[in-house]
Amino acid sequence: MLKENLAFVEKEIQAACRRSGRDREEVTLIAVSKTKPVSELREAYDLGVRIFGENKVQELADKYDELPKDIHWHMIGHLQRNKVKYIIDKVDLIHSVDSIRLAETIEKEAAKRNIQVNILIEVNVAGEESKFGVSPSELPEFVEEVAKFPHIQVQGLMTIAPFVEDSEENRAIFERLRKLSVDIKDKKVDNITMRVLSMGMTNDYSVAVEEGATMIRVGTGIFGARDYAN
Ligand SMILES: *Cc1c(COP(=O)(O)O)cnc(C)c1O
């Protein structure tokens, strides 16, 4: 099943790239493996998957310990400051930086280890009250603040679009995130790049790719439905 799912997602990405005149190489697929057992991640690994996304610190750290070291781990979920230290040297990219206080903690822990940490700023484009993320209006000032931290490299923006029946409804949100990143790029802030746009999940990644996503986060579409009961 995993093999067929991966092949299907790959075909969809290629089709979306073709429709929008993009190179397949511009889009990185992150296999969102949260709640899934290590055995299933290993199966995906054996099929060639090397980039996994997790949203819980403990789960990411456990899986990190158990699986091969050539895996690239992405922290995509809300991150509490007191847990930064457990994953800071295990992840390639933290997608979910949404407060200056969190950035301060990342800076402090990175400085201790003398490492550079790649992050994305999570933007609440849709303005949903239930969602984490910086509001578009606060974003320019937020970027300037985070740019001052010497051990943090801002690589781009991330958003979680609302769950909708028709993925077309999220097109404007993806377009908005891309425009926000272009505005920031135009300001040429030191220590900031906007090469990553992390947007699009199982239900809407094709539209996200058409609108310029460089990373898509696909869970259900690869691993099947999640079971939160156990
Ligand atoms: C769970 C999750 C995903 C993947 O969701 P699917 O709909 O299963 O593809 C993507 N991004 C974030 C931040 C998530 O928490």
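One-based numbering, in listed order, for ligands and for the atoms of each.
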Do N55 and ligand 1 have an N or O pair less than 3.5 Å apart?
no

Any non-hydrogen side-chain atom of D98 less than 4.5 Å from a side-chain atom of I121?
no

Report the member of I30, I222, I76, V32 with the shortest heavy-atom distance to atom 13 (C) of ligand 1.
I76

Should the ring pair H78 and F132 be called parallel, tilted or perpendicular, given that the plane angle runs from 0 to 90° and is split at 30 and 60?
parallel

Tested for salt bridge (Lys or Arg N to Asp or Glu O under 4.0 Å) against E175, the lone hit among R171, K179, R178 is K179

Measure I160 to ligand 1 on non-hydrogen atoms and call it side chain, backbone, both or neither using the 4.0 Å cut-off.
side chain

Please report which non-hydrogen protein atom sits nearest to atom 5 (O) of ligand 1, along with the residue it belongs to and the distance in Å to one decimal place.
M201 CE, 3.5 Å

Any luck finding a side-chain donor-acceptor pair between E122 and T159 under 3.5 Å?
no

Near V218, which atoms of ligand 1 are under 4.0 Å from a heavy atom of that residue?
9 (O)

Minimum heavy-atom separation for L41 and W73, please, with both atom names.
CD2-CH2, 3.7 Å

With atoms numbered from 1 as shown, which atoms in ligand 1 lie under 4.0 angstrom from a non-hydrogen atom of G219?
4 (C), 6 (P), 8 (O), 9 (O)

Using only heavy-atom distances, determine whether the side chains of R195 and T214 contain a donor-acceptor pair under 3.5 Å.
no

Heavy-atom side-chain proximity of I160 to R217 below 4.5 angstrom
yes

What part of K34, side chain, backbone, both or neither, has a heavy atom within less than 4.0 angstrom of ligand 1?
side chain

I'd like to check I30 versus I216 (side-chain heavy atoms, cut-off strictly below 4.5 Å). Are they in contact?
no

Mind checking whether R226 has a heavy atom under 4.0 Å from ligand 1?
yes

Looking only at protein heavy atoms, identify the closest one to atom 6 (P) of ligand 1 and say how far it is in Å.
T202 OG1, 3.4 Å

Which of the atoms in ligand 1, numbered in the order shown and given with their element, are less than 4.0 Å from a heavy-atom of R217?
4 (C), 9 (O), 10 (C), 11 (N), 12 (C), 13 (C)

At a 4.0 Å threshold, what atoms of ligand 1 neighbour a non-hydrogen atom of T220?
6 (P), 7 (O), 8 (O), 9 (O)

